[in-house]
Amino acid sequence: MDMLDFLKTIFGDNITAVPYDCPEKMPYYIRDNYKLQRLAWKNNECVLLSPNSSSWRLPTLKKHLKNLQEICQEPCALSLENLTSMQRRNLLENSIPFISASQQVYLPFWGCAFLEKFKSDTPIPDKMAPGTQLVFLYLYYLKGTEDINLTRISKELQLSKATCTRAINDLTASGLLAQKVEGTNKWIAPAFEKPEFLKKGYARLKSPIERLVYVKDLPENLLCFQSGVKALSEITMVGAKEQDAGLAVSKKTCPSIPADDIISKQDFEDFGGTIIEVWSYDPSLLSKSGRVDEISLLLSLESEPDERIQMGLDEIREKHELPVKQDE
């Protein structure tokens, strides 16, 4: 159901929406970045402001709506594809008129508020679940700006649709994702450009390492990826020591390690061996060239007290426009 069909279920068939003729003094940032329509019902009219991009920010929309109203000198409202519960609450608290494709209408100048179909708030945990973090990083690394759907994410990350749905709901509720519904398809896109997207979600990310396994000999044909300080040394100026070597495996791969090869931490420290990191999500899904991805590597080493390691991590932070430790 599109926006006009939904409005007809509330106001009747005599409500119309036509393109709005912009006055000459309309600024280009509104002309170029928004779709403007005139909504009319009986003797009531208003101008709808709808962003062309799914990566809009609420403070900017509110500012531009105010500018539009000053120019038009008539009632104006936002027309949005998707709203989180926090965004809706903010609009209501600030008396900002809006219409949402998720079947919500707040037009106080028409005496209309239709909000009963809004989904209940999704609890947002302090840290992302492993599946949610995997989806978040996948979207961050994704090249291009096209919208994608749940089916593609589920297929490429080898996650169940239920896990993907929980991840998408979490990221949407926290304002990191925008959703657009077209018929039976639900399209998903980051709500911010790449550097800002990572910054907004970074505080909720955690180390992917669940536990460490020490082995005396590396098992043959083990699907593993370079991690730890050794991986850091391959992409930064940090030098690696022999004992710094680390390999990452998924939880599904870990049981394939022969029990006879596993040793204690004390035996590893006394006689050497290899450290295997067991990750909460499959490192192969984000890996390049046999090495774990940079953000997961950063998270796995972030608590290391060694200054040389932190200097190497700062190179990753700078590359991805995250705050470096020395600036915090």
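Note that these values count all heavy atoms, side chains included, but never hydrogens, waters or copies made by symmetry. Count residues from 1 along the sequence.
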Is [X] reaching over with its side chain to a backbone N or O of [Y], donor-acceptor style, under 3.5 angstrom?
X    : Y    : result
T163 : L159 : no
K127 : L205 : yes
E321 : E318 : no
S233 : G239 : no
Q226 : G246 : yes
T236 : L232 : yes
N94  : N90  : yes
S289 : R291 : no
Q310 : E304 : yes
W41  : T16  : no

Taking the side chain as every heavy atom from C-beta outward, state whether [X] and [Y] have any pair of such atoms under 4.5 Å apart.
X    : Y    : result
E24  : M26  : no
Y214 : I262 : no
L150 : I153 : no
R166 : T132 : no
L218 : D261 : no
Y106 : C112 : no
K66  : K63  : no
M128 : L176 : yes

Start with the C-alpha gap between L286 and L134, add the side-chain angles, then the distance that decides, and say whether side chain to side chain contact (heavy atoms under 4.5 Å, CB included) holds.
CA-CA 8 Å; L286 303 173; L134 179 60; 3.9 Å; yes
What distance do [X] atom [atom1] and [Y] atom [atom2] have between them, rounded to the nearest 0.5 Å?
X   : Y   : atom1 : atom2 : result
L78 : L65 : CG    : CG    : 4.5 Å
C76 : L39 : SG    : CG    : 11.5 Å
C22 : I71 : SG    : CD1   : 9.0 Å
Q87 : R57 : CD    : CZ    : 11.0 Å

Quiz item: cation-pi between K216 and F271, 6.0 Å / 45°:
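Because its charged atom misses either the 6.0 Å distance or the 45° angle limit, K216 does not stack over F271.
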Just checking, is any N or O donor in the side chain of [X] or [Y] under 3.5 Å from an acceptor N or O on the other one?
X    : Y    : answer
Y28  : N33  : no
D270 : Q266 : yes
H64  : Y29  : no
S287 : S284 : no
D293 : Y141 : yes
T253 : S256 : no
S296 : Y281 : yes
E210 : S280 : no

Would you check if the distance from the ring center of F197 to the ring center of F192 is below 6.0 Å?
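Ring centres of F192 and F197 not closer than 6.0 Å.
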Does the side chain to side chain contact (heavy atoms under 4.5 Å, CB included) test come out yes or no for W56 and L80, once each step is laid out?
CA-CA 10 Å; W56 50 265; L80 304 170; 4.2 Å; yes
For a side chain to side chain contact (heavy atoms under 4.5 Å, CB included) check, start with the C-alpha distance between W279 and V292, then their side-chain angles and the critical distance, and finish with the verdict.
CA-CA 11 Å; W279 279 28; V292 299; 3.5 Å; yes
Ion pair [X]/[Y], N-O distance below 4.0 Å:
X    : Y    : result
D170 : R204 : yes
R317 : E294 : no
R152 : E156 : yes
K200 : E196 : yes

Any chance [atom1] of [X] has more than 12 other-residue heavy atoms, nucleotides or ligands included, within less than 6.0 Å?
X    : atom1 : answer
E307 : CD    : no
R308 : CZ    : yes
N52  : CG    : yes
N14  : CG    : yes
K319 : NZ    : no

Looking only at heavy atoms, what is the nearest atom pair of C72 and Y20, with distance?
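Distance-wise, the nearest heavy atoms are SG-OH, 3.2 Å.
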Give a yes or no on whether L298 and M311 share a hydrophobic cluster (residues Ile, Leu, Val, Met, Phe, Trp, Tyr; joining criterion: side-chain heavy atoms under 4.5 Å apart).
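Unlinked, L298 and M311 end up in two clusters.
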